[in-house]
Structures are given as C-alpha cells and as structure tokens.
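Numbered from 1 within each chain, the chains take letters A, B, ... in sequence-line order.
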There are 2 protein chains.
Amino acid sequence: MNNAKKKSPGRPRSTTSHQAILKAALELLSEVGFEAMSIEAIATRAGVGKTTIYRRYSSKDELVADAIESIREEVLIPDTGNLWSDVDTLIENAAQITLTPLGRQSVAMIISSASSNPGFAQIYWEKYLQPRRQSFAIVIERAKARNEVSTDLDAGLIFDAMSGIMLYALIFPPNESWTAYVRRALSLLLG
Amino acid sequence: MNNAKKKSPGRPRSTTSHQAILKAALELLSEVGFEAMSIEAIATRAGVGKTTIYRRYSSKDELVADAIESIREEVLIPDTGNLWSDVDTLIENAAQITLTPLGRQSVAMIISSASSNPGFAQIYWEKYLQPRRQSFAIVIERAKARNEVSTDLDAGLIFDAMSGIMLYALIFPPNESWTAYVRRALSLLLG
DNA sequence: TGATTTCGATACGGTGCGGTATCGCAAATT
DNA sequence: AATTTGCGATACCGCACCGTATCGAAATCA
C-alpha cells in the first residue's frame with residue numbers, strides 16, 4: 001500500500017485539523033444524527049474552513065465512515081471459565097458501545113446505510129460483524145466443552161438472534177434496563 | 001367515535017384530498033424515509049396545496065402518525081389449534097410484507113427513521129408494533145392453555161426477539177431462506 | 001341567494017446548506 | 001530564496017424547504 005511517499009512539496013496537511021474534523025464529526029453524529037449534521041456545522045465546530053474538509057472528503061458518507069473507522073477497537077474474546085460470565089462480559093461490552101448517545105447514533109447510521117445500501121451492508125458484515133460472530137462462536141465452543149450448553153447449539157444463529165435483539169432494543173427501548181432485557185432474551189436462546 | 005358534528009357551514013374538507021395526502025405520505029415514507037420527506041413533496045405528489053396539509057396537521061410527526069394509523073389493517077390472530085401452525089402463519093405473513101422489494105425498502109426506511117428519530121420510533125411503536133405484540137401474546141396464551149409451551153413464557157419478550165431477528169435478517173440476509181432462518185431462531189426461543 | 005369555509009395554486013420572505021472560488025498567510029520542499 | 005501546497009476565512013450562487021398569506025373558484029348551509 002501507500003508507504004510514506006512524502007516527496008510532495010508544499011505544506012503538508014495538518015494532522016491536528018484532521019483530528020479536529022473527525023472529533024467534531026463524531027460529536028455531531030452523537031448529538032444530531034447523520035441526516036441532520038451538515039458539513040458547515042462540522043467545519044465550524046472543528047474550527048476549520050469548509051475547504052479543509054472538502055479537500056479531504058467528497059461526501060458526508062466518506063467523512064463519517066472514516067470517523068467511525070478511527071475509533072474502531074479490538075475484538076475481545078472473554079474466557080472466564082463460565083458461560084454466563086463470558087456472556088455478561090459481551091453484553092456489558094456491547095452496552096458500553098451502543099448505549100452512549102454516540103454509539104446509538106453510530107448504530108443508527110450504520111443501520112441506515114446498511115439497509116439502503118447492500119454493498120455497505122456486506123462490508124460492514126465482513127469487517128465488523130463477522131469477526132465478532134466468530135469470537136462468539138469460540139465462547140460457545142468452550143461452553144460446550146464444559147457441558148454448559150447442548151452440543152448441537154448453533155452459535156452463529158444465536159449470535160445473529162442476539163444481535164437482532166440488541167438492535168431492536170436499541171431502536172425501541174424497553175422499559176427495563178437494556179442490559180437486563182438482552183440478558184433475559186439471551187437466556188431463552190441458550191436454553 | 002364518529003361524532004357527526006356537521007353543523008359547520010362552508011365547504012367541507014375534501015375526503016379525497018385527505019386520502020391522497022395520506023397515500024402520498026406513506027409512499028414517500030417508504031421511498032425516502034421520514035427525515036428526508038418534505039411537506040412540499042407530499043403536497044405535490046398528492047396533487048394538493050400545502051395549505052390543505054397545514055390546515056389538517058401542524059407537524060410532520062402528526063401527519064405521519066395519522067398516515068400509519070390509517071393503514072392499521074385489522075391485525076390477524078391465527079387460531080389453528082396448534083402453536084407452530086399459528087407461528088408459521090405469522091412468519092409467512094411477515095415475509096409477505098417485508099420480502100417484496102417495496103416492503104423491504106419500506107421497512108428499511110422505517111427502521112432508519114426510527115433509529116435516528118425517537119419521536120418517530122415512538123409513533124411507530126404505538127401505532128404498529130404494539131397491536132401486533134398484543135395479538136401475538138394471545139397466540140402464546142392459547143398455546144399455554146394447550147400445554148404446548150411453558151406457562152411462564154414471556155410472550156412480549158419473545159415477540160421482541162422475533163422482531164429483532166426478522167429485522168436483522170432483513171438487513172443482513174442469511175444464506176438460507178429468510179423464512180426458514182426466522183423459524184429456526186424462533187424454535188430456540190419457544191424452547 | 002348570501003355567508004362561510006375549503007379548495008388548489010402561487011407568491012413571498014426567511015433560513016440553512018452545498019459546493020466553489022478567492023484571499024492573504026503559513027509551512028513545507030528544492 | 002523560490003515554489004508549491006495547505007491553511008482559515010469569507011463571499012457567493014443556487015437550491016430546497018418552511019410556514020404564511022392571498023387569490024379566485026367551488027362546495028355547502030341557512
């Protein structure tokens with residue numbers, strides 16, 4: 001890939017401006033949502049000229065995709081020796097990501113993009129969901145080895161179901177706590 | 001609740017215009033989503049003056065709420081005497097609504113609107129999901145009476161989980177058929 | 001018939017955003 | 001030092017929409 005071709009003359013692009021743009025974009029995403037956020041507002045909040053944004057990105061989609069990319073973290077595979085401890089860790093982790101205003105909006109934007117753009121759905125599936133699905137399968141495999149669940153449990157299906165429930169509960173918030181709600185649903189799935 | 005207060009003088013409000021407005025609103029909702037649809041666009045498509053809309057509704061929320069309300073077809077409650085027959089009927093019914101290109105688009109738009117706009121989510125929940133949730137509960141109650149499922153099953157939770165899975169499978173299509181996939185997930189939930 | 005209300009149409013001022021261009025200055029390469 | 005590119009700022013044009021007002025025609029009631 002592109003490796004440090006710094007041969008270009010002239011002033012280099014400001015990394016601090018770049019950071020400020022991404023930060024402002026994420027903030028606005030969490031505050032007003034994808035639809036309502038404008039390039040102008042991002043530029044103003046970042047203390048940056050519109051030009052500086054348009055020089056980097058040609059669309060809002062592009063900008064926001066990069067902003068989300070910039071805060072992506074590692075996939076963790078809990079291994080506490082107990083299925084429900086592992087699962088609770090995963091739920092807690094998902095809660096921390098999704099239940100903040102930013103996480104909420106990010107999910108909303110992803111769903112919005114994915115549902116109207118199969119290409120993006122595919123990419124998101126491969127790059128984000130698939131790794132998590134596989135690490136969840138490992139958690140389930142370990143539980144099977146410990147005889148905590150039936151050996152013919154379909155880890156993938158359960159992961160999908162869990163994701164669906166989380167998603168649904170995010171869009172239509174239940175009365176009880178999100179975490180407890182998801183946990184309760186999951187207990188049905190794990191028999 | 002028809003009160004028939006027709007004592008008002010002057011020209012009555014056109015019911016055909018009213019219908020046209022609701023129809024246009026629903027079409028646009030499915031095509032461009034809640035955020036992106038404008039009153040002007042609704043008026044134009046309905047072949048109606050903006051005035052005619054503003055005379056009836058003071059906000060887009062209000063209009064869309066009424067539009068959704070207007071298509072709240074009789075929610076069917078299958079009663080075949082067998083839980084899985086009932087459930088399959090429901091799944092089949094959901095499939096017919098969601099799996100057409102237009103239905104797909106509509107659901108996608110509704111979801112993305114709801115996820116980025118809590119007001120709309122609330123409206124959609126009350127007017128659309130809630131009635132279906134309650135009729136599903138009846139199906140489960142009957143199954144309990146027939147001893148087909150455990151009596152402490154939480155019908156509401158299962159409905160939500162089922163909805164979540166359907167939603168997830170719509171956005172990220174599984175390899176197998178949507179119907180079979182949903183059915184498989186549901187069999188986990190109903191234990 | 002006359003009063004009243006709604007009709008579709010159109011125009012209006014206001015707002016906010018998109019996207020481009022320009023300006024004078026700053027920071028890098030050669 | 002000369003050149004090249006990025007910088008923030010601002011101005012600009014065009015557009016879509018909001019919400020209101022106004023119009024003449026149409027529909028209804030007293």
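- Taking atom CG on A:L63 and atom C1' on C:dG19, their separation rounds to 15 Å, with Å as the unit.
- No hydrogens or angles considered: a donor-acceptor pair under 3.5 Å links the side chains of A:S58 and A:E62.
- As a whole-Å value, the separation of A:E62 CD from C:dG19 P is 12 Å.
- A cation-pi arrangement is present between B:R132 and B:Y128 under the rule of less than 6.0 angstrom and at most 45 degrees off the ring axis.
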Its contact letters, B for base, S for sugar-phosphate only and - for none at protein heavy atoms under 4.0 Å, make nucleotides 6-16 of chain D read BBSB-------

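- The heavy-atom pair separating A:L76 from A:L90 by the smallest distance is O-CD2, 4.4 Å.
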Item checked: B:M166 and B:I91: CA distance, side-chain angles, deciding distance, side chain to side chain contact (heavy atoms under 4.5 Å, CB included) verdict -> CA-CA 9 Å; B:M166 287 178 168; B:I91 293 177; 4.3 Å; yes

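- Applying the side-chain contact (heavy atoms from CB on, under 4.5 Å) test to A:L83 and every residue at least two apart in sequence or in another chain returns A:V87, A:V139, A:I140, A:A143, A:R146, A:E148, A:V149, A:L190.
- Look at NZ on A:K60: it is 11 Å from C1' on C:dG18, rounded to the nearest Å.
- We find that OH of A:Y57 is positioned 16 Å from P of C:dG19, with the value rounded to whole Å.
- Between the C1' atom of C:dT20 and the CD1 atom of A:I53 lies a distance of 15 Å, rounded to the nearest Å.
- Closest heavy-atom contact between B:S135 and B:I77: CB-CG1, 3.4 Å.
- We find that OH of A:Y54 is positioned 17 Å from P of C:dT22, with the value rounded to whole Å.
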